[in-house]
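Here's the structure, in structure tokens; my notes come after.
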Amino acid sequence: MPSFDTVCEPNLVEVRNAVDNTAKEIGTRFDFKGTSAAVEIKDKEITLFGDAEFQLSQVEDILTSKLAKRNVDVRFLDKGKVEKIGGDKVKQVVKVRSGIESDQAKRVQKLIKDSKLKVQAAIQGDAVRVTGAKRDDLQVAMALIRKEVTDLPLSFNNFRD
């Protein structure tokens with residue numbers, strides 16, 4: 001029976017490369033000389049440092065441009081609150097989304113059920129598997145998911161005939 005998986009997986013190698021390039025640019029830019037502006041990554045968390053919120057937004061702009069150049073969708077980033085860390089320094093933790101959360105998976109599943117297509121959707125861990133009798137029905141389901149779910153950077157893999 002033909003099937004495919006709907007997943008939300010960033011290319012973590014490209015994310016790490018973008019963070020490294022951002023750190024390199026921060027080190028060479030004149031307006032960041034002598035400031036505490038920095039960016040670092042641990043697992044799936046990117047931490048931005050700066051002297052003020054304005055500087056933090058500049059670091060974030062550099063990061064998003066580097067991610068865009070490396071074809072990493074910025075919708076993978078889940079920005080946290082700006083926190084004060086001693087003196088006048090601030091930091092912000094940005095999480096890199098990986099996997100579809102259960103409420104989003106239920107939304108995708110409900111979307112497919114309400115569409116009256118002859119396909120079934122099943123939540124499997126952090127992915128949604130869609131199965132159907134015909135390949136054409138699956139392609140219509142892919143198009144529907146792409147059109148309706150715009151807040152998540154979904155991709156499709158594991159397409160089986």
Item to complete: Evaluate the side-chain contact (heavy atoms from CB on, under 4.5 Å) criterion for residues R107 and L152: first the C-alpha distance (whole Å), next the side-chain angles of each, then the deciding distance (0.1 Å), finally the verdict.
Response: CA-CA 12 Å; R107 197 176 99 196; L152 281 178; 5.9 Å; no
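- Counting Ile, Leu, Val, Met, Phe, Trp and Tyr side chains that sit under 4.5 Å apart, directly or through other members, L67 shares a hydrophobic cluster with L12, V15, V19, I26, F32, V39, I41, I46, L48, L56, V59, I62, L63, V72, F76, L77, V82, V90, V94, V96.
- Remark: K84 NZ to K91 NZ distance equals 14.0 Å, nearest 0.5 Å.
- More than 12 heavy atoms of other shown residues, nucleotides or ligands fall within 6.0 angstrom of atom CZ in R75.
- Smallest separation of non-hydrogen atoms from V130 and I112: CG2-CD1, 3.5 Å.
- V128 is not connected to V7 by any chain of hydrophobic side-chain contacts under 4.5 Å among Ile, Leu, Val, Met, Phe, Trp and Tyr, and they are in different clusters.
- Crowding of D43 atom CG: a count of heavy atoms from other residues, nucleotides or ligands under 6.0 Å not exceeding 12.
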Worksheet item: side-chain contact (heavy atoms from CB on, under 4.5 Å) between Q104 and R97: does it pass, once the steps are laid out?
Response: CA-CA 12 Å; Q104 299 285 356; R97 286 186 191 162; over 6 Å; no
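- In this structure, K79 and Q92 have side chains that are in contact, with non-hydrogen atoms separated by less than 4.5 Å.
- Summarising the geometry, atom OG belonging to S155 is positioned 11.0 Å from atom CD1 belonging to I145; distances are rounded to the nearest 0.5 Å.
- No donor-acceptor contact under 3.5 angstrom links the side chains of T22 and K66, judged on distance only.
- Two residues are said to be in side-chain contact when any heavy atoms from C-beta on lie closer than 4.5 Å; I123 and Q109 meet this criterion.
- Separation of atoms NZ (K89) and CD (Q55) is listed at 9.0 Å; rounding is to 0.5 Å.
- The two residues S36 and D51 have their closest heavy-atom pair at OG-OD1, 2.5 Å.
- Rounded to the nearest 0.5 angstrom, R135 CZ and F4 CZ are separated by 12.5 Å.
- Residues I100 and V74 fall into different hydrophobic clusters, defined by Ile, Leu, Val, Met, Phe, Trp and Tyr side chains chained together at heavy-atom separations under 4.5 Å.
- Of all heavy-atom pairs spanning M142 and F159, the tightest one is CE-CD1, 3.4 Å.
- Scanning both residues, S3 and L138, for their nearest heavy atoms gives N-CD1, 3.6 Å.
- Residue-environment remark: NZ (K42) stays at or below the threshold of 12 foreign heavy atoms within 6.0 Å.
- The number of heavy-atom neighbours closer than 6.0 Å to CD of E40, taken from other residues, nucleotides and ligands shown, is above 12.
- Apart from F30 itself, the hydrophobic cluster it occupies contains nothing, where clustering links Ile, Leu, Val, Met, Phe, Trp and Tyr at side-chain heavy-atom distances under 4.5 Å.
- How far OG of S65 is from CD of E60: 11.0 Å, rounded to the nearest 0.5 Å.
- D73 contributes atom CG, which lies 10.0 Å from atom CG of L154 (distance to the nearest 0.5 angstrom).
- At a threshold of 4.0 Å, the pair R29-D31 counts as salt-bridged, since one of the basic side-chain nitrogens sits closer than that to a carboxylate oxygen.
- When side chains are defined from C-beta on, N21 counts as touching R70, because their heavy atoms get closer than 4.5 Å.
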